[in-house]
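Throughout, a chain's letter reflects where its sequence line sits, starting with A, and its residues are numbered from 1. Predicted model only: the values in this text are computed from it and were never measured.
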Protein chains: 2
Amino acid sequence: MSYLDNVKIVLVETSHTGNMGSAARAMKTMGLTNLCLVNPVIKPDSQSISLAAGASDIIKQAQIFSSLEEAVADCSLVIGTSARPRSLQWPNLTPKECGDKIIAEAACHAQVALVFGRERVGLTNDELQKCHFHVGIPANPDYSSLNLAMSVQVLSYEIRMSMLSTQNSSLKLDHQDVIEYPKDEDIERFYQHLEQTLLQTGFINPNHPGQIMGRLRRLFTRARIEQQELNILRGILTSVDKRQ
Amino acid sequence: MSYLDNVKIVLVETSHTGNMGSAARAMKTMGLTNLCLVNPVIKPDSQSISLAAGASDIIKQAQIFSSLEEAVADCSLVIGTSARPRSLQWPNLTPKECGDKIIAEAACHAQVALVFGRERVGLTNDELQKCHFHVGIPANPDYSSLNLAMSVQVLSYEIRMSMLSTQNSSLKLDHQDVIEYPKDEDIERFYQHLEQTLLQTGFINPNHPGQIMGRLRRLFTRARIEQQELNILRGILTSVDKRQ
């Protein structure tokens, strides 16, 4: 049971079954499974199921309602999407704030709904006024028409990001790497060898050594040399030494 | 002129022209316009232009390259997308970190590239190793297959969000480091020089070159060589060459 199970994606009067399928797929990639359809112009059909690819289970389990009111009846938080959020006097959220708010409520076992309007005209003013908040994706003002599934993808992504950060699931620490790193003393021996070789090739002037070694240390420290790489570097120095 | 003009979206060996069109549309909704195609399996055609809808200008202006190397030759930062970022030992970014890093560099007038692989198999290991960082969208592990255009949409969205927040608080830019990074083509010249020198010292056996150059590339790519460091490394090679 995940917080995400408390989140409904509600599509109002979707015209194209292909869009339903793509939206279902977008949801599932982000771990969302509850799809609600309000008065779909066409019922889910084989085309929507085929476009959903591996997400056809979402389409098959979708609940169908005859009004937005029914679809969100059990929800304590309803957020409506709008391409023009600032033209209405209403509490507006950025996509990230929307994700955070949805997860904050879903984590408290509340049912929450994120509502998407018709492909061409979005949600009506009446529908938007049923929503506690509005959310808009701040798109390019000269070309702001994200299609339905793309909008579902972006907002579902922010929901997932919020869930992951709430879980404190440190994304990056999931897999401990199994790389072998050299001991510091071995790295110091490499630097000594490197300096010796650069003195021999004449690249470092013993009277004016300058910042060369400091800069090389910085470079290799930033990379964090692995054991195997250190072996290669030592081998290179030895091959240069032999030719002197 | 916006920071976004310094950002290239590079699609490697895309198979479906429809995906190019949808990707172009996703880019344009987020204000990105520079599309580069590396060896597209099919050249952009009427289907891609029709699927691009109002973004057909992006498709028509797309540049076509025969290798990833050529496409990113003028870029000082290259980020590759990977669905399995943690399986490789490489600096990984979250989508938000990716957006921030791209905008930080693009704001300093550097050319940056975000690279997407083939629909089914993504980028090859060789291609991933040309990238300074990898980025993955932390998708549902049970159904992680975002399609190409959806991935372009999400990552372009994060680039746009970072640009908007940078514009809103120019504070962030005040703290940008002013490190100068070499162009990819200069780094390639360094690798050629390095290989030549290692052949001369006998460290690389021309008949059995093995993985040496690959491992060295990986080390230096991970460190992300700065311009000054590149100058030092080239100087070292020259000092070795003279002693041969």
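- Both the backbone and the side chain of B:L146 come within contact range of chain A, with heavy atoms under 4.5 Å apart.
- Minimum interatomic distance between A:T14 and A:L11 (heavy atoms only, all atoms of both residues): OG1-CB, 3.3 Å.
- Here B:L216 is the residue among B:L216, B:T238, B:I204 with the most heavy-atom pairs under 4.5 Å with chain A.
- Of the listed residues B:M30, B:Q153, B:E158, the one with more heavy-atom pairs under 4.5 angstrom with chain A than any other is B:Q153.
- If you measure heavy-atom distances from A:L219 to chain B, the contacts under 4.5 Å come from both the backbone and the side chain.
- Both the backbone and the side chain of B:N147 have a heavy atom closer than 4.5 Å to some heavy atom of chain A.
- Electrostatic pairing of A:R217 and A:E188 counts as a salt bridge here, judged by a charged N lying under 4.0 Å from a carboxylate O.
- The pair B:D142-A:K28 does not count as a salt bridge, with every side-chain nitrogen at least 4.0 angstrom from each carboxylate oxygen.
- In terms of heavy-atom pairs under 4.5 Å with chain A, the best-connected choice from B:A149, B:P141, B:G31, B:G54 is B:G54.
- For the set A:A26, A:A55, A:G202, A:S144, the count of heavy-atom pairs under 4.5 angstrom toward chain B peaks at A:A55.
- Relative orientation of the A:F190 and A:F220 rings is perpendicular, given thresholds of 30° and 60° on the angle between their planes.
- The candidate from B:S156, B:S22, B:G235 with the greatest count of non-hydrogen atom pairs under 4.5 Å with chain A is B:G235.
- A salt bridge links B:R189 with B:D186: at least one charged nitrogen is closer than 4.0 Å to a carboxylate oxygen.
- Heavy-atom distances place the side chain of B:L233, and not its backbone, under 4.5 Å from chain A.
- Between the A:N140 side chain and the B:T29 main chain, no donor and acceptor come within less than 3.5 Å of each other.
- Listed for the B:H132 side chain is no donor-acceptor partner under 3.5 Å among the backbone atoms of B:R224.
- Neither the backbone nor the side chain of B:L32 has a heavy atom closer than 4.5 Å to any heavy atom of chain A.
- A:R160 touches chain B through its side chain: at least one heavy atom from C-beta onward sits under 4.5 Å away, while N, CA, C and O do not.
- Considering only heavy atoms from C-beta on, A:I9 stays 4.5 Å or farther from A:N34 through its side chain.
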